[in-house]
Amino acid sequence: MELSAALNEQQLAAVEYCEGPLLILAGAGSGKTRVLIHRIAWLLRQGVAPERILAITFTNKAAQEMRDRATALVGVSISRMWISTFHAACVRILRRDIETMGYRTNFTIVDAGDSERIIRSVIKDLNLDDKRYPTGELSTLIDRAKNDMIDVSAYRSLAKDTFERNVALVYALYQDQLLKTNSLDFNDLINLTVRLFEEHPDVLARYQDQFQYLMVDEYQDTNHSQYRLVRLLAAPHQRICVVGDDDQGIYSWRGADISNILNFARDYPQARVIKLEQNYRSTQNILDAAWHVISKNLSRTEKRLWTERHSSDLVILQCLQNEHAEAQAIVLEIERIRAERHLKYSDFAVLYRVHSQSRVIEEKLIQRRIPYTIYSGLRFFERAEVKDVLAYLRVLVNPYDDQSMRRIINVPRRGIGDTTLSHVQEFAQQMQIPWYVALEMAEEIPNLNNRTVRRLTDLWRLLDDLRKMQEYLSVSELTEELLHRTGYRDLLEGSLKTEDQERLANLGELLNVTAEYDRRREEGQGLMEFLAEVALLSSSDLGDEELLDRVMLMSLHSAKGLEFSVVFLTGMEEGLFPFKRALDNDRELEEERRLCYVGMTRAKDLLYLSYTEGRAMYGQMFPAIPSRFLADIPKELIYDRKQPSRQKALQATTWSSSPPPSLFYESSRTITADKEAIPRMVGQMIITINVGDRVWHRNWEEGTVLSIKGSGEDTMAEVEFHGVGKKLLLLKFAGLEKVE
DNA sequence: AACCTTGGTGTTTTT
DNA sequence: CACCAAGGTT
């Protein structure tokens, strides 16, 4: 039971200010979830009915946590309160009124993978060159447009060239396909709800009236459509409380717009702003170091975290020779600190900018027999076998779902090949009917032989039987029946391949998910609700990994919201972190900085920052330069662990003044060297240059060394670049390569 | 339909 | 280097 007495002054103020717009700027570890649940409790105590409250989060996990903690705090049932993600709330709203928007209630929710598949087929249908129109890029463009609620006709009229006009075409056909198959992507869930509200004032009024108190968590992560949705709901009464931290906005590339939080006071002139700056997680040294990094950003609200937790531990900085040494150092340190401080493995987290960094760290952890888990993008629900079964289930709920139909029509194999497929496709198109109906009428499809017709009608009968069984079977029973009748289970059970056994295990896991759903589902909830829930679920919502005592390996992005006693922030190198694509872009650089801030503020007690002298990427060794973020941390806060490298000029150099220029990752030219030379590359590149050597520079290309001046880290070379002229270069910055 | 070769690519991923 | 998608081969 959490007591109000446990709240500080600002938290209390934030809990009790309920009658107007409120922006809570909640710094990392400042207890914002606690504020939110106390606010819920406070509202209930004021006599507000639970169903009048709408609390929105971004993740299922956050919603679940809020629900659990609020239940524990208030002691009464809050099941009538809407505590959910944006998407789940929109599904609920759309189930009721989507028919006015041209879709049917039993719509399918397609995920990113499904979207890409549709886009790929659209590109193909349009005969566009997939080199110039890559699926991934188009998918990003369409996603971005939808995030900003730019619809097809707006996109078309904004198109400036052939490329953009073609994108508009793909976008249009993509939307057509979704409409035809009664499917919505994640963006549609939000956008259609906004449109529903905008085009049907009566519907909007109903929800405005119902939700007298709005709360939005992680407001810095809202995109334009979510922003509009919130504004619509809050319009009449303005009882809107948003919580967030502009310093932790790291999802702009997903459409999140940090200006939503920065402009809150402008959007709601009556707004009150409360800053939560007392931190209950980290030591003051960690907070100060993090502040020095984040305060370099221009687009942010001024705030500085403080804590009562003082410790003499400094932020530890380590420079290692390469990524293997870095991994080794981390692993040794985990063992040492764990013993010294009596910590669990799960108190340690290793964070990285890109997943590819994890492999080397894993190797060392395995060597040392240290248990670990990787939090990665590999998702259970993206496994082919799981998608197959879900596709079957989707067809049963939404017979218009041609995407799913196409997926399962020949899975398991039933001798329906490409030719048959295109005949079915053509027939369905001409008749303006979904594939499902086309199967029923298979006899009328031209150019099919009797055997094929029978296969198709057999499949239809199978699906139709299953569809009828929905009425009286639970989701688990139906899935079992499906696995049996389709022969999917037999197929895998009969196989000796290990990957098929793995698939079988995954299907077993899927049955656990259905069983869990059946257990807790409420009256009136069935397969349709199950599918929506699953579509909006992520892998991290699954499983019990947190209970296990393991070192956590994850990307900086996935670390948001978590905390660990000891955090290792790895790969603090220009081009890696900040990532190369952000180097020439101030906006993106600010986001990288926020990412760094997020990473640093995950640490409760000890924070390690590490970088290397050189790192292998794509099988090649590149020299590394310490991240500019390191230069922002005052020396007094850092314990710089000197490491015994011979290469003095490369290490312990830069964090005095301005950020170093970016040296690697940027060059379009890769270092050409035979395999023999690779291991020696790092040393060679900068250190062993002599007068008369031919060298290569990223800007001025080839040149000849005229003279060498200075020594140690201040060594400079005078180089005559062909057709450019003489340049004096500090070796530690220049990134010169020797040309053979 | 399974298998192989080739070429291109290479950030992060709450729903 | 390691992965994927696409295309060709058997």
Side-chain angles (χ1 to χ4, degrees), chain A residues 56-64 84-91 109-117 120 124 130-131 134-137 139-140 143 146-147 184-191 217-218 220-223 225-226 248-256 323 351-360 375-379 381-382 410-413 415-418 497 532-541 554-562 571 575-583 588 591-592 594-596 598-599 615-622 665 670 675 678:
Chain A
I56 293 182
T57 61
F58 268 85
T59 65
N60 296 300
K61 202 174 153 196
Q64 194 54 48
S84 73
T85 63
F86 268 106
H87 296 82
C90 287
V91 168
I109 301 167
V110 304
D111 67 21
D114 302 329
S115 284
E116 291 218 350
R117 239 159 282 148
R120 183 168 296 131
K124 208 166 185 175
D130 57 6
K131 293 278 182 299
T135 308
E137 195 178 323
S139 150
T140 308
D143 185 61
K146 294 179 81 165
N147 271 312
L184 274 62
D185 66 18
F186 289 141
N187 280 316
D188 287 333
L189 294 175
I190 315 287
N191 292 358
D217 194 11
E218 306 281 19
Q220 78 281 353
D221 289 338
T222 48
N223 66 18
S225 54
Q226 290 157 344
Q248 292 187 69
I250 55 174
Y251 284 105
S252 75
W253 48 276
R254 290 280 285 98
E323 70 274 16
L351 309 183
Y352 37 78
R353 181 64 239 271
V354 300
H355 283 297
S356 58
Q357 288 173 258
S358 68
R359 218 202 65 228
V360 176
Y375 226 79
S376 87
L378 268 180
R379 292 155 173 221
F381 289 106
E382 280 163 18
N410 198 32
V411 176
R413 307 251 146 66
I416 300 171
D418 286 349
K497 289 192 204 158
E533 191 177 298
V534 158
L536 298 177
L537 213 60
S538 67
S539 58
S540 55
D541 298 315
M554 65 181 86
S555 71
L556 285 151
H557 284 86
S558 346
K560 198 177 84 163
L562 306 177
L576 182 57
F577 192 32
F579 198 75
K580 57 184 169 198
R581 285 200 51 189
L583 291 178
E588 288 183 40
E591 182 143 313
E592 295 287 312
R594 291 193 289 270
L595 193 55
C596 184
V598 166
R615 182 178 295 268
M617 285 209 96
Y618 317 137
Q620 285 186 333
M621 191 56 100
F622 290 83
Y665 293 103
T670 49
K675 279 170 195 155
I678 289 171

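As a basis for the values below, the full set of heavy atoms in this structure was taken, side chains included, without hydrogen atoms, waters or symmetry mates. Quick note on labels: first sequence line is chain A, next is B, and so on, each numbered from 1.
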Over all atoms of both residues, closest heavy-atom pair of A:Ile250 and A:Lys560: CD1-CD, 3.9 Å

Testing B:dT12, B:dT15, C:dA6 for proximity to the side chain of A:His557, the answer is B:dT12

Is A:Phe86 touching bases, backbone alone, or none of the nucleic acid, heavy atoms closer than 4.0 Å? nothing

Between the OG1 atom in A:Thr85 and the CG atom in A:Leu537, the distance rounded to the nearest 0.5 Å is 10.0 Å

When you measure from the side-chain N and O atoms of A:Ser356 to the phosphate of C:dA2, is any distance below 4.0 Å, counting only OP1 and OP2? no

Look at the side chain of A:Leu536 and decide which nucleotide, out of B:dT11, B:dT15, B:dG10, has an atom nearest to it. B:dT15

Ignoring the backbone of A:Glu588, work out which of B:dT11, B:dT13, B:dT15 is nearest its side chain. B:dT11

Out of curiosity, A:Lys124 NZ to A:Thr135 OG1, how far, rounded to the nearest 0.5 Å? 10.0 Å

Between B:dA1, B:dT13, B:dT11, which one does the side chain of A:Arg413 approach most closely? B:dA1

In whole angstrom, give the distance that lies between atom CD1 of A:Ile250 and atom P of B:dT13. 9 Å

Between C:dA5 (C1') and A:Lys131 (NZ): distance, integer Å: 9 Å

What do you reckon, do A:Trp253 and the base of B:dT12 stack, with centroid distance below 5.5 Å and planes below 30°? yes

Starting at CG of A:Asp130 and ending at P of B:dT9, how long is that distance when rounded to a whole Å? 11 Å

Minimum heavy-atom distance between A:Arg353 and A:Leu576, given as atom pair plus value: CG-O, 3.1 Å

Rounded to whole Å, please give me the gap between NZ in A:Lys580 and P in B:dT11. 6 Å

It should be established whether A:His355 places a side-chain nitrogen or oxygen under 4.0 Å from OP1 or OP2 of nucleotide B:dG10. no

Using a 4.0 Å heavy-atom cut-off, does A:Asn410 contact any base of the nucleic acid, only the sugar-phosphate backbone, or nothing at all? sugar-phosphate

Hey, which sits more toward the 5' end of DNA chain B by its nearest nucleotide, A:Val354 or A:Phe186? A:Val354

Among the nucleotides B:dT13, C:dA2, B:dT15, whichever has the atom closest to the side chain of A:Ser555 is B:dT13

Per nearest nucleotide of DNA chain B, the residue lying toward the 5' end, A:Ala112 or A:Glu592, is A:Glu592

If we only count heavy atoms from C-beta on, is the A:Arg581 to A:Glu592 side-chain gap below 4.5 Å? no

What's the CE-P distance between A:Met554 and B:dT12, to the nearest Å? 15 Å

OP1 or OP2 of B:dT15 less than 4.0 angstrom from a side-chain nitrogen or oxygen of A:Asn187, does that happen here? no

Specify whether A:Tyr352 and A:His355 have parallel, tilted or perpendicular ring planes, treating 30° as the upper limit for parallel and 60° as the lower limit for perpendicular. perpendicular

Calculate the interatomic distance between A:Glu382 atom CD and C:dC4 atom P; express it in whole Å. 13 Å

Side chain of A:Arg254, base of B:dT15: donor and acceptor closer than 3.5 Å? yes

Expressed in angstrom and rounded to an integer, what is the separation of A:Gln64 atom CD from B:dT15 atom P? 13 Å

Round to the nearest Å and state the distance from A:Leu576 atom CG to B:dT11 atom C1'. 9 Å

Measuring from the side chain of A:Ser558 (C-beta onward, heavy atoms only), which nucleotide among B:dT11, B:dT13, B:dT15 has the closest atom? B:dT13

Strictly below 4.0 Å: does A:Arg581 bring a side-chain N or O up to OP1 or OP2 of B:dG10? no

